[in-house]
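Below, chains carry the letters A, B, ... as their sequence lines are ordered, and counting in each starts from 1. We use all heavy atoms of the structure for the numbers below, so side chains are in, but hydrogens, waters and symmetry mates are not.
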2 protein chains.
Amino acid sequence: MSLAKPHADDSKQGTVAPTPRQRAVLDAALGLLVDPKAALTMTSVAKAASCSKESLYKWFGDREGLLTATVQWQAAKVRAVPLAREGIDLAVLRASLEHFATDWLTVLSGDTSVALNRLAVGEAGGAGHHLGTIVLENGPYAMGRRLEPVLAIGREAGLLEFDDGEAAFRDFFGLVVRDVQIRLLLGDPLKLSDDEIRSEARRATRQFLTLYGASQGSETAKRGPARPHGEDGPHDRDNPHKPNGKE
Amino acid sequence: MSLAKPHADDSKQGTVAPTPRQRAVLDAALGLLVDPKAALTMTSVAKAASCSKESLYKWFGDREGLLTATVQWQAAKVRAVPLAREGIDLAVLRASLEHFATDWLTVLSGDTSVALNRLAVGEAGGAGHHLGTIVLENGPYAMGRRLEPVLAIGREAGLLEFDDGEAAFRDFFGLVVRDVQIRLLLGDPLKLSDDEIRSEARRATRQFLTLYGASQGSETAKRGPARPHGEDGPHDRDNPHKPNGKE
DNA sequence: GGTTAATCGTACCGTACGTTACGGTACAGC
DNA sequence: GCTGTACCGTAACGTACGGTACGATTAACC
């Protein structure tokens, strides 16, 4: 349904251009957030950033504002999605999907993301849901908005077959993330190396193409589902030709 | 293996054999947990359960003990797993998988599960909080332990093809859960009706069998992977008695 | 030098909560 | 009846934290 709301609703994004000093504060907050020893309190942020609490309240309003600004500051850092838009063929599509999966798993399993999601989830219980909404917006929703155009292009090119783009995206999400995120959030000492992430991304992409690849036989039939990826050419997914002009 | 002992696991927690009075207290705690208005504090639990705080500390040691007992009490309630072990064929296997998926989605999207996972995730940040471990144990891990035998049976019967049972389970997990859990935890107002859950379970099962079903192709080809779940009206396959009486 | 604005450091306040302590009540066993 | 036990209700204590106030410091600008 209304999963993706890409419309520019900047009414609440009041965090207009944090000054360098404020950015340093937000980085300090992120540092505290990641540290499992430290608690993210106003006093601790002030001390870590060598600023006064009064300044924190002046700049961010209240604790919620500080957390919101921190989440958005982190989200702003993870904004780079190369997206191949033309000359589409199966190899390019596969590379794009693998790239998405790799990026997503990398972000997901990072300490910062885990800590941030923990904070937002924990905060989502009470009334001030604001934080969870923001993480949701910059997390799953953002991924959907970025991936669905790729899927649409794949469909236009006759490479994919699906009716519901959102459902397709969510299936891809499931194949990529599986139980990794919830396990990390619950404290599972799971650790993903870069190689494992790449491998997972390839597996998820292969499975997704098995499910959604157009029935040109070769993809789904010849290549058995349980079969490992026999590569097809150099999948240099680093094709930053068009870094996703949108948003 | 040594992790899951359905009963008589009083190894580490003194919270064994909760008396009826204590069970009532734990139910009260669960009630508070679900209520987004109330905070789960020792005082509120005592008041809701009409017991004294002194009794709480006597019975559960401290707050952590109370929460742990609450989680385990809830987990003990969700202990019912029909498991078809013989006379296996594709229809039975499919029914088992759909049953698993349905149960899992039902539990996952329940208020209690969401609240419990929120609590555990929020608590998992610091140290010494083994609450996340317990939820993990009774959540994803438990599902894996219960599902993997089914997958193994399916493989022995020549219905499934896979090398790594755990990987297969995790793929199934991803196809079933997708982004539902993280969205719920983050406060997404997503709501799943029973029909939607059944539909999702069928979709996930169909996709899983597409990926892992032994190469009797007809299954995957005829039905097609892109079959949407758009309709929730009366569907011919809605036969809970013997779902999908074999093709 | 003097004035002003921004910021720092810190003391302070109110509240929420975990935890403990204490008085009071019901009841079983003698 | 007396005593011990278990429990309830509540007051009290210590701490942590969000939020505020205020003097001190710096730096820009006249």
Side-chain angles (χ1 to χ4, degrees), chain A residues 14 16-29 31-33 35-71 115 118-120 122-131, chain B residues 13-29 31-33 35-71 115 118-120 122-131:
Chain A
V16 279
T19 70
R21 184 76 184 94
Q22 293 168 3
R23 268 175 275 162
V25 170
L26 297 178
D27 280 326
L32 282 178
L33 198 63
D35 185 358
K37 219 64 182 180
L40 191 69
T41 162
M42 300 300 279
T43 305
S44 68
V45 172
K47 179 176 293 185
S50 291
C51 73
S52 70
K53 283 166 67 176
E54 193 172 19
S55 298
L56 289 185
Y57 285 100
K58 177 177 182 179
W59 293 332
F60 305 105
D62 56 0
R63 182 172 190 268
E64 179 81 13
L66 173 63
L67 298 181
T68 299
T70 304
V71 169
R118 278 210 190 116
L119 181 67
E123 217 88 351
H129 291 56
H130 200 191
L131 202 56
Chain B
Q13 281 295 343
T15 61
V16 279
T19 70
R21 184 76 186 94
Q22 292 167 4
R23 269 175 274 161
V25 170
L26 296 179
D27 279 327
L32 283 178
L33 198 63
D35 185 0
K37 219 66 178 177
L40 190 69
T41 159
M42 300 300 278
T43 304
S44 68
V45 172
K47 178 176 292 185
S50 292
C51 74
S52 71
K53 290 205 276 182
E54 191 172 18
S55 298
L56 290 185
Y57 284 100
K58 178 177 181 180
W59 293 331
F60 306 105
D62 56 1
R63 182 171 190 269
E64 178 79 14
L66 172 62
L67 297 181
T68 299
T70 305
V71 169
R118 275 208 193 118
L119 181 67
E123 218 87 354
H129 293 123
H130 61 302
L131 199 58

Determine whether a donor-acceptor pair (one donor, one acceptor, N or O, separation below 3.5 Å) exists between the side chain of B:Glu54 and the base of D:dC8.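 Yes, a donor-acceptor pair under 3.5 Å.
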Of the listed nucleotides [options], the one nearest the side chain of [X]:
{"X": "A:Lys53", "options": "D:dC8, D:dG18, C:dG18", "value": "D:dG18"}
{"X": "B:Cys51", "options": "D:dC8, C:dG9, C:dT19", "value": "D:dC8"}
{"X": "A:Lys58", "options": "C:dT7, C:dA11, D:dT10", "value": "C:dT7"}
{"X": "A:Ser50", "options": "D:dC8, D:dG18, C:dG9", "value": "C:dG9"}

Give every donor-acceptor pair under 3.5 Å between a side-chain atom in residues 47-60 of chain A and any protein atom, sequence neighbours left out.
| from | atom 1 | to | atom 2 | distance (Å) |
| --- | --- | --- | --- | --- |
| A:Ser52 | OG | A:Ser55 | N | 3.1 |
| A:Ser52 | OG | A:Ser55 | OG | 3.0 |

Using whole Å, what does the distance between atom [atom2] of nucleotide [N] and atom [atom1] of [X] come to?
{"X": "A:Arg63", "N": "C:dT15", "atom1": "CZ", "atom2": "P", "result": "19 Å"}
{"X": "B:Leu56", "N": "C:dA21", "atom1": "CG", "atom2": "C1'", "result": "15 Å"}
{"X": "B:Asp62", "N": "C:dC17", "atom1": "CG", "atom2": "P", "result": "17 Å"}
{"X": "A:Leu40", "N": "D:dA16", "atom1": "CG", "atom2": "C1'", "result": "14 Å"}
{"X": "B:Tyr57", "N": "D:dA12", "atom1": "OH", "atom2": "C1'", "result": "14 Å"}
{"X": "A:Lys47", "N": "D:dA16", "atom1": "NZ", "atom2": "P", "result": "12 Å"}

Could you grab the distance from atom CZ of B:Arg23 to atom CG of B:Asp27, nearest 0.5 Å is fine? 9.0 Å
Nearest 0.5 Å, what's the CG-NE2 distance between A:Leu67 and A:His130? 11.5 Å
Check the phosphate of [N] against [X], side-chain N and O only, distance under 4.0 Å to OP1 or OP2. Yes or no?
{"X": "A:Ser55", "N": "C:dC8", "answer": "yes"}
{"X": "B:Trp59", "N": "D:dC7", "answer": "yes"}
{"X": "A:Arg21", "N": "C:dC8", "answer": "yes"}
{"X": "A:Thr41", "N": "D:dA16", "answer": "no"}

Shortest non-hydrogen contact from [X] to [Y]?
{"X": "B:Met42", "Y": "B:Leu66", "answer": "SD-CD2, 3.8 Å"}
{"X": "B:Ala29", "Y": "B:Thr70", "answer": "CB-OG1, 3.8 Å"}
{"X": "B:Leu32", "Y": "B:Ala38", "answer": "CD2-CB, 3.6 Å"}

Verify, without hydrogens or angle tests, whether B:Glu123 (side chain) and B:Ala120 (backbone) share a donor-acceptor contact under 3.5 angstrom. no
5′-ward residue of the pair A:Ala39/A:Gly61 relative to DNA chain D: A:Ala39
DNA chain D: stems of at least 3 consecutive Watson-Crick or G-U pairs, cut-off 3.5 Å? C:1-30 with D:1-30
